[in-house]
2 protein chains.
Amino acid sequence: MATGRTHRPATRSRGIPEATVARLPLYLRALTALSERSVPTVSSEELAAAAGVNSAKLRKDFSYLGSYGTRGVGYDVEYLVYQISRELGLTQDWPVVIVGIGNLGAALANYGGFASRGFRVAALIDADPAMAGKPVAGMPVQHTDDLERIISDNGVSIGVIATPAGAAQQVCDRLVAAGVTSILNFAPTVLSVPDGVDVRKVDLSIELQILAFHEQRKAGEDAATDDGAPAPAVAKDHRKGPDGDVPAVMPA
Amino acid sequence: MATGRTHRPATRSRGIPEATVARLPLYLRALTALSERSVPTVSSEELAAAAGVNSAKLRKDFSYLGSYGTRGVGYDVEYLVYQISRELGLTQDWPVVIVGIGNLGAALANYGGFASRGFRVAALIDADPAMAGKPVAGMPVQHTDDLERIISDNGVSIGVIATPAGAAQQVCDRLVAAGVTSILNFAPTVLSVPDGVDVRKVDLSIELQILAFHEQRKAGEDAATDDGAPAPAVAKDHRKGPDGDVPAVMPA
DNA sequence: AGCTGTGAAAGAATTCACAGCC
DNA sequence: GGCTGTGAATTCTTTCACAGCT
């Protein structure tokens, strides 16, 4: 299988756009659902609907992977599942550690989707000695002291940080030093990492704030029009709020 | 965003690009930290570093809000905190309901950052009668039967779905029917909603899959390409047998 | 001198629309 | 007839680089 494999015509360079990569899991999920219902083939239109995108985008995305469809027919579901899985690296097993077993960490450990597709929780790690040995989601929590050994023993390259914000950077540094090169960060902090390490963050409060922004827009279709220009006489001396309301601090 | 052909150019919103909106919470967090340290002003360079973006992007982002800086000096921290908060709609209070109080829902309910900035958990809702009345994060869980009343009584416009995938669409429909117009979805499902309703999703397994993609790429430009993958010597002109001859793999 | 604000250029992502194959 | 695959057009985002204010 070494030589001559090349499933994809090297015509399209290895560069799959990031936006496309981010959608592959979506397609994969939709395809898996079809597969479970034993649907043999699917059109770009149908699959796009199931994945919540439009069909032109889906076809373009797939075109970066290769020509895996059949004109006039559509895509073979099983085949595509395999191709996308392979592209995403899900044909191999990824051991993952979760650091920070509080409410969120425990919830993640219990999350089924975690183990489901290529990922395996190799260890749960927490700094609290009182947690050590306690079983969470069927595994004993281990102490941070052993972090380096755990990473190394299990060949972990993906770490999940679910600690409080204050501890996140330190944990991150240790993970990286121990060999982790991909981090999923749930702590509300910007992590700094060396080149070659990927960080993705999941941040509840950011998502809510984005929703609030749009929500506010909806609410004031007409009321907000008066605020067209930036603060009048911007050069104005220190913050003299647009409506005379001196902004103290944020509402708690 | 969301499903359906939301032809509405999300960028609409008074001309602030969506990509910028998504970064405002980041800036706000960095600014809040500076504010707590009583730092009076900050340059675009410093703030950008704290927020994990580059300074040109930050300045461009702020330019959509107005001219809130001072040339040669930088930005007044308090003033900017106020302006961004206002822009994001955080100067008002947003009651939020969480539906689905399992591991994740409970973790979300306990999450401090939730309540911190403009958001208030108005109710926890679960379909399990056994949960009803049980206190989680200091609030009694309420039953799904009362969902509509709860939404309406509290004027809730933002809902968080943390149910299993199978229940998500139904919960979503009820939330929307009851008046919710923004949804944060933690269930691994594509929700379909009418126009005018915003959906954002947070999906652990998608994030991990994206990391795996990049991880795989790092791991080997040459090695670990294919290992025992059952797929036949598939290629472009693969069979599309009407019989049942498929790769039939991808257990995951 | 220092730093913001912003046009203009460059780069990505999305959408169109249709040629090409089944 | 139906549907994929893809150049071309369009739209969105990022980056550059410098004019202009303090």
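First the proteins, then the strands, lettered A, B, ... as listed; each starts at 1.
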Looking only at the side chain of A:R59 (C-beta and beyond, no hydrogens), which of the listed nucleotides C:dT14, D:dT4, D:dT13 gets closest? D:dT4
Is it true that the side chains of B:Q83 and B:Y79 contain a donor and an acceptor less than 3.5 Å apart? yes
Separation of C:dT15 atom P from A:E45 atom CD, nearest Å, is 13 Å
Selection from C:dC16, D:dC21, D:dT4 that lies nearest to any side-chain heavy atom of A:A56: C:dC16
Considering the options A:V199, A:I183, A:V171, which one meets the side-chain contact (heavy atoms from CB on, under 4.5 Å) requirement together with A:V176? A:I183
Taking OP1 and OP2 of C:dT4, is either one under 4.0 Å from a side-chain nitrogen or oxygen of B:S44? yes
How is B:Y75 classified with respect to the nucleic acid when contacts are heavy atoms under 4.0 Å: base, sugar-phosphate, or nothing? sugar-phosphate
Start at the 5' end of DNA chain D and walk down; is the nucleotide closest to A:V42 or to B:G72 reached first? A:V42
If you measure only the distance, is there a donor-acceptor pair under 3.5 Å linking the side chains of A:R59 and A:S44? yes
Closest of D:dG7, D:dT13, D:dG5 to the B:E18 side chain is D:dT13
Rounding to a whole Å, what distance do you find between A:L58:CG and C:dC16:P? 15 Å
Can you check whether A:N54 has a side-chain N or O nearer than 4.0 Å to OP1 or OP2 of C:dT14? no
Among the candidates C:dT15, D:dT14, C:dA13, find the nucleotide nearest to the side-chain atoms of B:Y64. D:dT14
Would you list the pairs meeting side-chain hydrogen bond (donor to acceptor under 3.5 Å, both in side chains) in which at least one residue belongs to residues 190-200 of chain A, sequence neighbours left out? A:D198-B:K218, A:R200-B:E207
B:V42 and side-chain contact (heavy atoms from CB on, under 4.5 Å): which single residue from B:D76, B:L47, B:V73 fits? B:L47
Using whole Å, what does the distance between atom P of nucleotide D:dT6 and atom OH of A:Y68 come to? 12 Å
When the distance from NZ of B:K57 to P of C:dC3 is rounded to whole Å, what number comes out? 21 Å
Indicate whether the side chain of A:T189 and that of A:Q169 have a donor and an acceptor atom separated by less than 3.5 Å. no
For B:R71 and D:dA17, give me the distance from atom CZ to atom C1', rounded to whole Å. 14 Å
Can you tell me how far P of D:dC3 sits from CG of A:L47, to the nearest Å? 14 Å
Between the side chain of B:T32 and the main-chain N/O of B:L28, is any donor-acceptor distance below 3.5 Å? yes
Between C:dA13, C:dT6, D:dA8, spot the one nearest the side chain of B:S63, thanks. C:dT6
Between B:K60 and A:R23, which residue's closest nucleotide on DNA chain C lies nearer the 5′ terminus? B:K60
Bend angle of the helix from C:dA1-D:dT22 to C:dC22-D:dG1, end axes from five pairs each (to 10°): 0°
For A:Q83 and D:dG5, what is the distance between atoms CD and P respectively, to the nearest whole Å? 12 Å
Without decimals, in angstroms, what is the distance between A:D61 CG and C:dT14 C1'? 10 Å
Salt-bridge test for B:R217 and A:E87: reply yes if a basic N is under 4.0 Å from a carboxylate O, no otherwise. yes
